[in-house]
Amino acid sequence: MTPTYPPEPFRIKVTEPIRLIPREAREAALKEAGYNLFLMKAEDIFIDLLTDSGTGAMSQEQWAALMRGDESYAGARSFHRLKSAVDDIFGFKHFVPTHQGRAAENILAACLVKPGQYVPSNMHFDTTDANIRARGGRPVNLVIDEAHDPGNRHPFKGNMDIAKLRAFIEKVGVKNIPLGMVTVTNNAGGGQPVSMENLKAIAKVYREYGIPFFIDAARYAENCYFIKQREPGYENKSVKEIAREMFALADGMCMSAKKDAIVNIGGLLCVNDETLFQNVKNELILREGFPTYGGLAGRDLDAMAVGLYEGLDEDYLAYRLGQTAYLASRLTEAGIPTIQPAGGHGVYVNAGAVFPHIPNYEFPAQALAVELYREGGIRGVEIGSVMFAYLDPETNEWHYPKLELLRLAIPRRTYTQSHLDYVADTLAKIKSRAASVRGYKFTYAPELLRHFTARFEPL
Ligand SMILES: *Cc1c(COP(=O)(O)O)cnc(C)c1O
């Protein structure tokens, strides 16, 4: 019998102590950080669900691989070991390592995006969004409407709306679209997967118009496992076969290896086009490093080469997606609304529904993030108006995202079920006093990626 929530397919060999500091100390820490959890000291956090990015536990094989790191400036063995894994799994003609996913995005935007041009996707993640805007481009999100309905249990809520995509291309014209993207899984929309059927339809439209197709592949393995579980015809294929089928549809991809490659630092940029690859390498050399290390140490490349395969392991993926499903089900039992079904890497609490009395411009999800720390020393991240509201340069009006979410991202292979029980119990306590919680206002906010450095004051 397969358990509903498979136990960890590993046991713990090294531990790292964590502690819950007293309530008064938590209160002082919040104040000191301007109520921005990004600005807190990690040692003051008990359970850190800020992100699943670079926060996973490496395996014994990855730690062993670090020792094999070849730190040669050019042509290191580490690069060739990574290359053989990348070629095997993704199948693109060329690739470069980068220090993170956003470095790959920056290079891609630098090579392709000109001011005033549009880049469609299901939903861009914040760094992708900002890298396109930083080049004067305009990121456009064309996810299906179901994605905005938190209770809708559509199995592939990350899908792009193909009719909207066509209409959009017709409206702005092909020459104003230097590339088209899709994010798997859709991080900004709840870690929801994109179906193979939808990926094929996206690829077909982009190809028809001659628009290069790039996949933001940070969580491709989780997406492929969802395809195996939910899409007819894929139940007997391996996750790796599904991945090959997915990437064969695209002209390239960028990836944060800090997600499904289970490393603490690293990224990838893959392309098929020869000329683009030349330009990519020139940008890389300018900003990251020589093309065989791309801003990383040789040992990082080796850890990534091993982690890419571990991220595809199906026992691991069953346990991993089981963890998020478990936390979501505990919250549902406690009457706390989350995006349904649970995403791959985290649970997204619908903070707008927890605090219906707090309007979006007073940041209900930020308020929930602060309460979760105040109550239990737990750190989540706001994915709502702090992160995504923006001033439209054309209309000079503020645009607010459709949902105010608190993301509880689960680091890979790091926390156990009893940690998740504690998180669910803490949220239940907050819910019981929800009506007394107030919103926040900015005391400082930069123009781009403001959630990282903004400061707040309670209202
Ligand atoms: C994390 C992430 C990125 C950016 O990667 P970094 O390694 O943090 O720079 C881009 N896209 C998605 C979908 C991500 O989750």
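If you're wondering where the values come from, they're calculated on a predicted model, not measured in any experiment. Each ligand, and each atom within it, is numbered from 1 in the order the structure gives.
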Which residue and atom name correspond to the protein heavy atom nearest [atom], and how close is it?
atom	result
atom 11 (N) of ligand 1	D216 OD2, 2.6 Å
atom 14 (C) of ligand 1	K259 NZ, 2.9 Å
atom 6 (P) of ligand 1	Q100 NE2, 3.3 Å
atom 5 (O) of ligand 1	S256 CB, 3.1 Å

Open item on the list: Taking atom NZ as the centre, does K281 end up with more than 12 heavy-atom neighbours from other residues, nucleotides or ligands that are less than 6.0 angstrom away?
Closed with: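 Enclosed: over 12 neighbouring heavy atoms sit under 6.0 Å from NZ of K281.
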TODO: Assess the pair F90 and Y220: is the distance between their ring centroids shorter than 6.0 Å?
DONE: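 Yes - the distance between ring centres of F90 and Y220 falls below the 6.0 Å cut-off.
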Open item on the list: Tell me if the centroids of the rings in F456 and Y444 come within less than 6.0 Å of each other.
Closed with: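 Centroid distance F456-Y444: not below 6.0 Å, so no.
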Open item on the list: Regarding R153 and E146, does a basic nitrogen lie under 4.0 Å from an acidic carboxylate oxygen?
Closed with: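 Result for this pair is no, no salt bridge flagged.
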- [ ] Of the side chain and backbone of K258, name the one, both, or neither that has a heavy atom under 4.0 Å from an atom of ligand 1.
- [x]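 The part of K258 near ligand 1 is the side chain, not the backbone.
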Open item on the list: Angle between ring planes, F92 versus F247, binned at 30° and 60°: parallel, tilted or perpendicular?
Closed with: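 Correct class here is perpendicular.
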Ligand 1 N/O within reach of [X] N/O, cut-off under 3.5 Å:
X	result
F125	no
T185	no
R219	yes
N187	yes

Quick check on contacts: which atoms of ligand 1 are under 4.0 angstrom from a heavy atom of [X]?
X	result
R102	4 (C), 5 (O), 6 (P), 8 (O), 9 (O)
T127	3 (C), 4 (C), 10 (C)
T183	13 (C)
G101	5 (O), 6 (P), 7 (O), 9 (O)

Task: Y293: partners by ring pair (Phe, Tyr, Trp, His ring centres under 6.0 Å), with sequence neighbours left out - done: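 Here the qualifying residues are Y73.
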Open item on the list: Holding to ring pair (Phe, Tyr, Trp, His ring centres under 6.0 Å), I want the full list of residues that pass it with Y5, two or more places apart in sequence or in another chain.
Closed with: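 Listed in chain order: Y326.
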TODO: Any chance you could measure I144, atom CD1, to K164, atom NZ, to the nearest 0.5 Å?
DONE: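 These two atoms lie 8.5 Å from each other.
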Task: Y415 vs D48, side-chain hydrogen bond (donor to acceptor under 3.5 Å, both in side chains): CA-CA, chis, key distance, verdict - done: CA-CA 9 Å; Y415 292 111; D48 202 349; 5.8 Å; no
Open item on the list: Any atom of ligand 1 sitting under 4.0 Å from a heavy atom of E105?
Closed with: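 Per 4.0 Å heavy-atom rule, E105 contacts ligand 1.
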